[in-house]
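So the structure is just underneath, and the comments pick up after that.
Only this structure's heavy atoms are used, side chains among them; waters, hydrogens and symmetry mates stay out.
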Amino acid sequence: MAGKDGPAMQLAINTVLQAAAIMGAERLVPATFAHLDACFYAGQAHIDFARLLLDHGARFAVPAWTNNGLVSLEQPELRAGEADADTIAGARELMHLYIKIGARPVWTCAPYQLPDRPALGDHIIVGESNAVSFYNAVIGARTNKYGDFLDVACALTGKVPLARLHTDEGRAGQIVLDTSAVPDKLKSGDIFFHLMGHVMGQKAGSLIPVIEGLPESTSEDNLKAISAAGAAAGGVELWHGVGITPEAATLDGALQGKSPAAQIAITVDDLAQARNQLSSGTDGPLNMVALGTPHFSLTEFAELAPLLAGRKVHQDVKVYVTTSRFIRDLAAAQGHIAPLEAAGVDIITDTCTYFSPAVRGCTGRAMTNAAKWAYYAPGMLGIEVCFGSLAECAESAVAGEVWRDHDIWRSLQ
Amino acid sequence: MSITARILTPGSARAATLVLSEPLSFWGGFDPQTGIILDQHHPEAGACVKDRILVLPAARGSGGTPACIAESLRCKVGPAGVILKASDINVATGTLVAKTLYGTNCPVVCVTADDYETLCQAAELAIDEDGTIT
């Protein structure tokens, strides 16, 4: 039964050592934090693994927070009848198992929006692709992209193999994306950052890109957008923004003095192309608006609430905003949730709408301001997606059809 | 023919091969309940990995890969063994966890580009505990 020497810890140690050997890591280093993806159900093996840990008294050596679940534990009524009952039961069981093992049930893909963030240079353990990208790029904490089971194994042992993005030299920028040809006006809107992230993913693949020319006004929501879109469209695990992100005070610093493999000028055309790729549908009557991928932040709620306060979402449209319980409660305390709910917006916690059984019943045309949602939803939900700004999504939700702010798009013709 | 491979997850297998001409995403592109390749863009879409030695250039890097591999082995529709050109931590993790949870025996090995080309021609292969492929 002893947790320390039992079969659960033995499996954890073997898994970490196997990964270290494959990566050629010379040694393991202590980690300070984990964000677990293995709580996202894909089958009985997930449950059997968690049960082995629970049965043998395994405990996490570092604070271990949970990513989104496949379903919401808080809102079990979310159209559960429309989805496969076994899958939903399995997903719920898995989430409860991780709570019992001692994970902190934050159920969010944007854990970096919660207090007690890791610090610059900390070694952490993250699996969710947007969070890997955000922690590495924006906070400067160090993580590789940990797959299922290895994330848990590292969190149980409290150690990670010192390789790739955990090392100084593994974090040097490899290609440069220069945005100086993009007009400042375009850079001032939220869509620029989603489109730029998408372009970054396509240009960089799995290399480490350095973006030049991000405006000083770039917000944390903007950095979230770049991180998520770049991880979805490519395999970007770390990127740098010159003058913006902590390891990129200068271009030369971000490149660690090395020459980049490529220097690419980003054009308005690249961004227009990204917009077209993210809009699988044509503009027209709407069935759904999906916001909050990755999870909506407090500042995004503060921006959305006045756009919909005192208005009504069109009767044919479902509007979903996904977020964490923590941010939802904070937004409620600041008065942003009540006007949104009065307008007919559904606030969903613990999960996301592009994979959740909650929305599988939705058909037709959906609108989103999130490049990551636009990238995955057509395949996963079988719907048409129109990409737009947050303000366009709000207006469209009320109008019942896609509404365009021609001022934004004129510059993208 | 005898090739020495780098062992990612030890084990032994002898089976007919299934050679994939492109990398596969085991999460999303593969059904762990049936062992069938689902990704319609994949050249070998519709093929079943069950009881085959899977020869593939690489696994696409989804974090869900280990659980899908383990689930396919639990359902007894997983591969008999895996031969990769590019080493992959996720495939290794999934097979190691399945070995511990279910006592399955699915070796994963990695070979050089030259050896990989040779192995792509084989209709049947054996992988030994010591990483020898014949």
Side-chain angles (χ1 to χ4, degrees), chain A residues 7-8 10-12 14-25 36-53 67 70 86 90 94 126-129 131-132 144-154 161 163-164 205-206 231 234-235 237 355 376 379-380, chain B residues 5-11 23 25-35 38-41 58-78 84 86-104 106-110 131:
Chain A
Q10 202 51 59
L11 174 57
N14 290 344
T15 304
V16 175
L17 291 178
Q18 181 189 46
I22 293 172
M23 287 194 283
L36 307 177
D37 208 26
C39 54
F40 186 91
Y41 180 82
Q44 182 65 32
H46 263 133
I47 291 181
D48 293 339
F49 178 76
R51 196 162 278 294
L52 178 84
L53 305 185
N67 194 2
L70 180 62
D86 286 348
L94 184 65
V126 183
E128 156 63 39
S129 69
V132 168
N144 287 317
K145 184 166 179 279
Y146 288 90
D148 282 2
F149 307 138
L150 180 58
D151 56 352
V152 175
C154 288
R164 297 191 56 232
S206 56
E237 297 176 22
F355 51 71
Y376 285 116
M380 297 188 87
Chain B
R6 183 179 165 208
I7 300 170
L8 306 188
T9 302
S25 173
F26 286 91
W27 187 86
F30 165 79
D31 182 354
Q33 315 283 330
T34 61
L38 294 177
D39 180 358
Q40 291 309 307
H41 302 294
R60 287 227 171 92
S62 164
T65 292
C68 287
I69 300 249
E71 180 69 2
S72 73
L73 292 168
R74 183 189 74 84
C75 294
K76 302 195 190 322
V77 296
L84 290 155
S87 73
D88 188 273
I89 293 170
N90 286 328
V91 175
T93 302
T95 48
L96 179 68
V97 168
K99 187 178 194 168
T100 309
L101 290 177
Y102 310 118
T104 56
C106 176
V108 180
V109 298
C110 180

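- Rounded to the nearest 0.5 angstrom, B:Thr9 OG1 and A:Ile22 CD1 are separated by 6.5 Å.
- Neither the backbone nor the side chain of B:Arg60 comes within contact range of chain A; no heavy atom of the residue lies under 4.5 Å from a heavy atom of that chain.
- The heavy-atom pair separating B:Ile89 from A:Ala19 by the smallest distance is CG2-CB, 3.9 Å.
- When each of B:Asn90, B:Asp88, B:Leu101 is scored by its heavy-atom pairs under 4.5 Å with chain A, the top score falls to B:Leu101.
- Summarising the geometry of A:Gln18 relative to B:Leu8, their closest heavy-atom pair is NE2-O, 2.8 Å, with the distance given to 0.1 Å.
- Between the OG1 atom in B:Thr100 and the CZ atom in A:Phe149 there is a gap of 10.5 Å [rounded to 0.5 Å].
- Separating the CH2 atom in B:Trp27 from the CG atom in A:Asp148 is a distance of 10.0 Å, to the nearest 0.5 Å.
- Contact of A:Ala21 with chain B is made through the backbone alone, with heavy-atom distances under 4.5 Å.
- With chain A as partner, the option from B:Gly28, B:Ala92, B:Ala70 having the largest number of non-hydrogen pairs under 4.5 angstrom is B:Ala92.
- Distance check, rounded to the nearest 0.5 Å: OG1 of B:Thr65 to CG of A:Leu150 gives 12.5 Å.
- A donor-acceptor contact shorter than 3.5 Å links the side chain of B:Glu71 to the backbone of A:Gln44.
- Here the closest heavy-atom approach between residue B:Ala67 and residue A:Ala45 is recorded as O-CB, 4.2 Å.
- With a threshold of 4.5 angstrom between heavy atoms, A:Asn14 approaches chain B through its backbone and through its side chain.
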